[in-house]
Q: 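First the structure, which I've put down as structure tokens, then a few questions once you've had a look.
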2 protein chains.
Amino acid sequence: MKRITIKDLSKYLALSTSTISRAFVDDKHIHPDTKRTVLEAAQKLGYRPNPMALSLKYGKSKNIGFVVPEMTTPFSSTVLRGVQNILYPLGYRVIIMQSEEDPEIERKNLLLLEEFNVDGIIINLCHETYNQANYQHVMQRGIPMVFFDRIPPNALDVSKVLVNDAIKASLMVEHLISIGRKRIVHLRGPASIRNAEERVSGYRRILTKYGLFDPALLVEPKGMLFQHGRDAAKELVEKGIAFDSIFAFTDTLAIGAMNYLLEKGYRIPEQVALASFSGTEMATIVHPPLSNVQQPLVEMGETAATLVMEKIKDPDVASKSVTLDAKLIYRASTLGMPV
Amino acid sequence: MKRITIKDLSKYLALSTSTISRAFVDDKHIHPDTKRTVLEAAQKLGYRPNPMALSLKYGKSKNIGFVVPEMTTPFSSTVLRGVQNILYPLGYRVIIMQSEEDPEIERKNLLLLEEFNVDGIIINLCHETYNQANYQHVMQRGIPMVFFDRIPPNALDVSKVLVNDAIKASLMVEHLISIGRKRIVHLRGPASIRNAEERVSGYRRILTKYGLFDPALLVEPKGMLFQHGRDAAKELVEKGIAFDSIFAFTDTLAIGAMNYLLEKGYRIPEQVALASFSGTEMATIVHPPLSNVQQPLVEMGETAATLVMEKIKDPDVASKSVTLDAKLIYRASTLGMPV
DNA sequence: CAAAATTAAGGGAACGATCCCAAAATCACA
DNA sequence: TGTGATTTTGGGATCGTTCCCTTAATTTTG
């Protein structure tokens with residue numbers, strides 16, 4: 001019931017706490033026999049080092065903050081799994097904060113994490129105006145930050161994990177062209193997020209190349225939720241803008257749009273083909289399943305966790321940007337493989 | 001940069017650390033003027049109490065473990081929001097563990113949480129044989145546990161948050177009957193989970209009442225994932241068992257089944273109506289949207305958090321079972337409102 | 001106005017571990 | 001067998017806070 005401490009072992013074995021401690025850290029100033037005795041006694045009495053004492057001693061909480069816009073889609077939770085894969089075996093705990101796509105909540109979450117004394121933060125920005133001042137404040141406090149997926153503009157010197165957004169976006173758009181689509185809508189992401197811009201530029205470049213670009217087809221939803229994807233599709237339809245396919249910033253937006261279209265009786269993919277950028281399980285649970293650019297989400301989390309650990313071990317290590325490779329997955333929403 | 005401690009304030013104000021401390025806790029043995037001075041200085045220098053020191057002092061980590069089968073569907077993340085609503089303002093941190101529907105991982109997660117020194121655990125069981133011995137071990141260590149949603153059999157004396165499963169299940173099945181269905185499949189949950197049994201009994205009771213019960217329609221999927229729902233539907237079809245509707249243990253199973261049926265060209269709800277028990281956002285993002293028994297997920301999390309806090313404050317308080325009320329939501333997958 | 005009662009402030013142990021420094025035990029070797 | 005070198009152990013400060021126990025200052029009271 002009561003926790004066994006080093007002092008208990010010390011009494012039990014009639015040895016000083018220093019000696020007991022030496023048995024656990026790899027200290028050469030201890031007799032091998034003594035070490036064995038201590039380890040056995042520890043085993044027998046069920047000794048476990050007290051993480052709170054170590055936290056206090058070393059000034060490290062061994063907590064890492066994980067800030068995401070939401071956890072209701074599988075995106076963040078899949079990345080989280082990667083993060084946990086790396087951090088749990090190292091004895092680090094992960095504390096999750098959902099900013100619900102609201103920069104104000106995101107700000108509060110960062111403050112709370114600071115309060116909680118986290119040793120590092122892994123963050124995916126929420127979609128609106130970003131909290132540059134806050135990020136800087138956190139980092140000045142000596143808490144390393146690693147960004148993934150939604151990356152801030154270049155100004156900030158931080159480690160980042162991203163994918164080759166522009167290229168893959170353009171390839172996916174090219175795929176739509178290859179299946180004969182000419183009026184390709186892009187439901188874009190917010191301008192405050194760098195990779196939203198990258199995906200837009202990939203989209204624009206390839207359409208311009210084929211002479212198909214039409215600014216009326218580049219639309220910015222009011223937010224990142226299903227409802228917003230839905231609203232965007234509705235607006236297109238009601239404005240009478242013709243389109244034969246949609247490439248969306250996220251699975252969520254794509255599915256929102258898809259649902260509206262299905263309700264209105266559009267046939268998918270015959271009348272409107274759909275593709276998105278994300279790579280969550282959601283793409284496979286809707287009907288028809290969605291073609292998308294699949295990001296290596298678990299790997300993304302693992303990379304982010306590794307980067308944050310690097311910064312924790314050596315705060316002066318240079319910031320890194322790791323670019324992972326995303327894969328194009330063709331599903332029924334775009335009629336199978338491209339020619 | 002460097003953390004301000006009580007000692008810094010002590011030097012700055014030429015007061016003992018005791019006095020400084022008294023200004024923060026509500027101690028009457030301090031002159032109001034002194035208190036004001038201290039508080040002002042704290043504000044000015046940016047003093048924040050060190051949670052790690054408090055943890056050590058009080059033997060409480062202020063960490064709560066949250067163990068769930070998975071986070072890739074919105075179920076757990078919505079409950080999590082409720083948990084966070086209650087716990088974050090109290091200065092508690094939430095550590096999430098995904099057991100991936102695997103009892104072995106669940107076991108390891110519990111050990112890890114014990115290692116992490118959590119003050120309490122909120123848990124939703126994974127679907128397979130449950131780790132009774134482990135739950136008991138954790139509780140013997142003095143860590144209170146609160147179960148929600150998937151509840152263990154009665155043997156365990158723990159606090160629980162559940163919904164009125166049997167009744168709502170029977171009402172939903174009755175709804176299917178009211179829209180003229182006679183061959184109602186139930187994709188049931190695992191026998192090791194009490195509310196799976198409850199839902200089955202609600203299903204069976206109402207069908208028996210109407211003389212519609214057929215054991216061939218009560219099927220147990222091989223797991224809890226989309227794929228398993230899908231497989232179950234496939235098997236029914238391939239075995240040539242006639243059915244005109246499905247009532248599933250979770251949204252996930254229902255959607256898995258639905259996708260298979262849609263692919264095979266079944267019209268939903270005309271040929272097969274679908275309903276489930278869960279209440280996640282997923283039900284609304286598929287087409288047609290799914291009728292389901294909607295559990296108050298956020299409230300569930302809030303209740304679980306409140307119960308665990310009660311046990312933390314007073315370990316001897318009696319275990320409680322709180323039953324929340326679930327709502328039936330009728331959507332297009334069952335053709336609108338019942339008559 | 002002195003003694004008693006009250007109020008305010010300070011000193012230092014405690015929580016559990018590590019680690020520096022000193023002390024003791026062992027060993028090597030002349 | 002004694003001296004110095006080496007190995008092994010112990011003592012105690014430290015991290016930041018609270019809280020018990022004194023001590024000092026102030027107020028009340030006869």
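A, B, ... follow the sequence lines: proteins, then strands. Residue 1 opens every chain.
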Q: Is any side-chain N or O of A/T34 closer than 4.0 Å to OP1 or OP2 of D/dT9?
A: yes

Q: Apply salt bridge (Lys or Arg N to Asp or Glu O under 4.0 Å) to residues B/R150 and B/E70 and explain how you reach the verdict.
A: CA-CA 13 Å; B/R150 304 193 193 159; B/E70 45 82 25; 5.8 Å; no

Q: Side chain of A/V25 only, heavy atoms from C-beta on: which candidate in D/dT9, C/dT18, C/dA14 is closest?
A: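 For the A/V25 side chain, the nearest candidate turns out to be C/dT18.
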
Q: Please give, in whole Å, the distance from D/dT9 C1' to A/K35 NZ?
A: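 Rounded to the whole Å, the gap is 16 Å.
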
Q: Return the 5'-most residue of the pair B/A53, B/R22 with respect to DNA chain D, ranking by each residue's nearest nucleotide.
A: B/A53

Q: Taking CG from B/N50 and P from D/dT17, how many angstroms apart are they, rounded to a whole number?
A: 5 Å

Q: In whole angstrom, what separates B/L56's CG from D/dT14's C1'?
A: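 Atom-to-atom, B/L56 to D/dT14, this comes out as 12 Å.
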
Q: Please classify the nucleic acid contact of B/A14 as base, sugar-phosphate, or nothing, using heavy-atom distances under 4.0 Å.
A: sugar-phosphate

Q: Regarding B/S18, tell me which of base, sugar-phosphate or nothing describes its non-hydrogen contacts under 4.0 Å with the strands shown.
A: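 Since a base atom lies under 4.0 Å of B/S18, the category is base.
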
Q: If I take atom CG in residue B/L15 and atom C1' in nucleotide D/dA24, what distance separates them, rounded to the nearest angstrom?
A: 14 Å

Q: Within the 3.5 Å criterion, strictly below it, is a donor on A/Y88 or B/K108 matched to an acceptor on the partner's side chain?
A: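 Per modelled atom types, A/Y88 and B/K108 side chains form no pair under 3.5 Å.
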
Q: Taking only the side-chain nitrogens and oxygens of A/Y47, find out if one of them lies under 4.0 Å from OP1 or OP2 of C/dA17.
A: yes

Q: Please state how far atom CZ in B/R3 lies from atom P in D/dG16, giving the value in whole angstrom units.
A: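 Atom CZ in B/R3 sits about 9 Å away from atom P in D/dG16.
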
Q: How are the rings of B/F75 and B/F148 set relative to one another: parallel (under 30°), tilted (30 to 60°) or perpendicular (over 60°)?
A: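 Answer is parallel, since the angle falls under 30°.
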
Q: Whole angstroms only, please: what is the CD1-P distance between A/I6 and D/dG10?
A: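 Roughly 13 Å, once rounded to whole Å.
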
Q: When you get a sec, tell me which of D/dG11, C/dT18, D/dT18 is the closest nucleotide to the side chain of A/L54?
A: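 Given the options D/dG11, C/dT18, D/dT18, the side chain of A/L54 is closest to C/dT18.
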
Q: Below 4.0 angstrom from OP1 or OP2 of C/dA14, is there any side-chain N or O of A/K7?
A: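 Answer is no, no contact under 4.0 Å.
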
Q: Can you find an N or O donor on one side and an acceptor on the other, under 3.5 Å apart, linking the side chain of A/S16 with the base of D/dG11?
A: no

Q: Can you tell me if the side-chain N/O atoms of A/S21 get under 4.0 Å from OP1 or OP2 in C/dA17?
A: no

Q: Look at the side-chain N and O atoms of B/T19 and state whether any lies under 4.0 Å from the OP1 or OP2 oxygen of C/dA9.
A: no

Q: Hey, does the side chain of B/H29 come within less than 4.0 Å of C/dA8's phosphate (OP1/OP2), counting only N and O?
A: no

Q: Give a yes or no on this: more than 12 heavy atoms of other residues, nucleotides or ligands lie within 6.0 Å of atom CG of B/D33.
A: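 More than 12 heavy atoms, drawn from other residues, nucleotides or ligands, come within 6.0 Å of this atom.
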
Q: Taking only side-chain nitrogens and oxygens of B/Y58, does any of them come within less than 4.0 Å of OP1 or OP2 of D/dC19?
A: yes

Q: Rounded to the Å, how far apart are A/K11 NZ and C/dA17 P?
A: 13 Å

Q: How long is the straight-line distance from CZ of B/F116 back to CZ of B/R93, given to the nearest 0.5 Å?
A: 12.5 Å

Q: If we count only N and O atoms by modelled type, under 3.5 Å, do the side chains of A/S99 and A/N109 hold a donor and an acceptor together?
A: no

Q: Kindly say whether, by distance alone, the side chain of B/T17 makes a donor-acceptor pair under 3.5 Å with the base of C/dG11?
A: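 Looking at the base of C/dG11, it does not pair with any donor or acceptor on the side chain of B/T17 (distance under 3.5 Å).
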
Q: When the distance from NZ of B/K60 to P of D/dT18 is rounded to whole Å, what number comes out?
A: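 About 17 Å, once rounded to whole Å.
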
